[in-house]
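Convention: sequence-line order gives letters A, B, ...; per-chain numbering from 1. Everything quoted here is computed from the prediction, not taken from an experiment.
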Number of protein chains: 2
Amino acid sequence: MNSDFTLAVHSLTYLALQPDRMSTSDCISESAGVHPVRIRKVLSLLKKHGFIKSKEGTGGGFIFTLELSEVNLWDIYMLTSEGALQPRCPDSNEQCIVGANMKRVLFTIFLGAEEHLGEYLKNYTIKEVVDLVNQEQNSGCD
Amino acid sequence: MNSDFTLAVHSLTYLALQPDRMSTSDCISESAGVHPVRIRKVLSLLKKHGFIKSKEGTGGGFIFTLELSEVNLWDIYMLTSEGALQPRCPDSNEQCIVGANMKRVLFTIFLGAEEHLGEYLKNYTIKEVVDLVNQEQNSGCD
DNA sequence: AAAAACTGTAATGTTTATTATTACACTATG
DNA sequence: CATAGTGTAATAATAAACATTACAGTTTTT
């Protein structure tokens with residue numbers, strides 16, 4: 001799966017830990033290890049769907065607008081990666097019964113697979129992700 | 001997901017419909033719409049795991065060795081695409097609590113997701129795929 | 001025994017997708 | 001009005017997927 005998903009989760013988790021002030025795309029991009037423009041692109045999508053708000057100008061940035069438990073990984077998957085599970089199907093030979101129908105058969109099967117994935121991912125909200133990040137941090141060897 | 005999965009399923013379905021004679025990589029590649037070398041590469045993997053056998057030389061090719069219901073889509077996913085569900089994680093900043101732990105947290109979550117996908121994909125054997133292909137063919141408008 | 005029809009696989013080239021970078025318009029703050 | 005931000009389009013660079021070429025090895029046919 002494409003890394004927009006990871007960047008969205010990463011950004012939201014970052015914002016979750018800064019609930020009282022705005023975070024800039026520069027800060028987030030430094031944490032995520034990618035270019036600030038990509039962060040702004042991903043966050044612009046999250047903003048459009050009401051998960052966060054942004055403010056331009058000095059002192060501006062991004063901040064969470066919802067409760068952490070109101071956003072789950074399925075929401076984010078749908079925004080950033082819907083259809084990513086579908087295997088690629090080269091254009092095949094329509095004269096052959098297999099070639100003519102395989103694409104649709106696999107499409108249908110993986111539509112079901114994506115629904116199942118949804119049920120699983122709905123169990124993880126940003127709150128859970130924050131908790132898991134903290135757990136990892138504490139269990140880390142040093 | 002990468003198209004090796006599709007090509008493997010496509011090839012096996014093709015072989016399922018030719019149970020009595022060997023099929024060449026040329027025939028299969030024409031049905032699947034890709035280069036014969038790719039088919040041979042994918043089939044070489046399926047052979048290594050005992051799903052099919054091959055024979056070189058004139059009159060050679062590939063043929064199923066198992067019952068159609070003994071091979072399911074999870075088997076094929078594992079061979080061709082294990083880990084494909086994992087979202088890409090750019091190397092992030094280890095100094096930041098989010099950057100330092102996000103990768104592992106997501107990895108763990110998607111390991112679980114892949115297990116769930118497995119339970120779903122095990123429900124589809126090549127036999128079911130053949131049936132679905134036939135259904136599609138018959139329900140086609142013309 | 002030589003030609004023809006195959007598989008097996010490595011090496012290389014091409015195309016496509018992903019990601020980074022640049023550029024700049026726009027907005028808010030001090 | 002300078003500074004620090006977002007928003008977004010256009011372009012460049014990199015990486016992944018895929019096609020192609022090349023050729024060694026194996027059977028069958030003649």
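- Residues satisfying the side-chain hydrogen bond (donor to acceptor under 3.5 Å, both in side chains) criterion with Thr6(A), sequence neighbours excluded, are absent altogether.
- Residues Val71(A) and Ile76(A) form a side-chain contact, since some pair of their non-hydrogen atoms from C-beta on lies under 4.5 Å apart.
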So which protein N/O to nucleotides 19-22 of chain C N/O distances come out below 3.5 Å?
residue, atom, partner, partner atom, Å
dT19(C), OP1, Ser3(A), OG, 3.1
dT19(C), OP2, Ser3(A), OG, 3.3
dT19(C), OP2, Arg38(A), NH2, 3.2
dA20(C), OP2, Arg38(A), NH1, 3.1

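- Rounding to whole angstrom units, CD1 of residue Ile28(B) and C1' of dT7(C) are separated by 12 Å.
- The aromatic rings of Tyr120(B) and His116(A) are tilted relative to each other, their planes meeting at an angle between 30° and 60°.
- The nearest whole Å value for the distance from the CE atom in Met1(B) to the C1' atom in dA17(C) is 17 Å.
- Between Lys48(B) atom NZ and dT9(C) atom C1' there is a gap of 11 Å when expressed in whole angstrom units.
- Within 4.0 Å of Lys47(B), counting heavy atoms only, lie sugar-phosphate atoms of the nucleic acid but no base atom.
- Taking every nucleotide of DNA chain D with any atom under 4.0 Å from a non-hydrogen atom of chain A, the first and last of them, 5' to 3', are dT3(D) to dC18(D).
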Could you walk me through whether Val129(B) and Leu68(B) pass the side chain to side chain contact (heavy atoms under 4.5 Å, CB included) check? CA-CA 9 Å; Val129(B) 173; Leu68(B) 303 193; over 6 Å; no
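- For residues 42-61 of chain B, every residue pair satisfying the side-chain hydrogen bond (donor to acceptor under 3.5 Å, both in side chains) rule, not counting sequence neighbours, is listed here: Lys47(B)-Ser54(B).
- Between atom CG of residue Leu15(B) and atom OG of residue Ser23(B) there is a gap of 5.0 Å, rounded to the nearest 0.5 Å.
- Side-chain contact between Leu7(A) and Thr80(A) is absent, with no heavy-atom pair separated by less than 4.5 Å.
- For the residue pair Glu30(B) and Asn93(A), no side-chain donor N or O sits within less than 3.5 Å of a side-chain acceptor on the partner.
- Side-chain atoms of Ser92(A) come within 3.5 Å of backbone atoms of Gly99(A) as a donor-acceptor pair (strictly under, hydrogens ignored).
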Atom pairs, protein N/O to nucleotides 25-30 of chain C N/O, distance under 3.5 Å:
residue, atom, partner, partner atom, Å
dC26(C), O2, Glu56(A), OE1, 3.4
dT27(C), O4', Glu56(A), OE1, 2.6
dT27(C), O2, Gly57(A), N, 3.3
dT29(C), OP1, Lys55(A), NZ, 2.8

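- Shown for residues 77-85 of chain B: no residue has heavy atoms falling under 4.0 angstrom of DNA chain C.
- Cluster annotation: Leu66(A) and Leu46(A) are assigned to the same hydrophobic cluster (Ile/Leu/Val/Met/Phe/Trp/Tyr, side-chain heavy-atom contacts under 4.5 Å, transitive).
- To the nearest 0.5 angstrom, Phe51(B) atom CZ is 4.5 Å from Asp75(B) atom CG.
- Contact check for Tyr124(B) versus Leu106(A): no side-chain heavy atoms found under the 4.5 Å cut-off.
- Proximity of Asp4(B) to Arg38(B): side-chain heavy atoms (C-beta onward) are separated by under 4.5 Å at one or more points.
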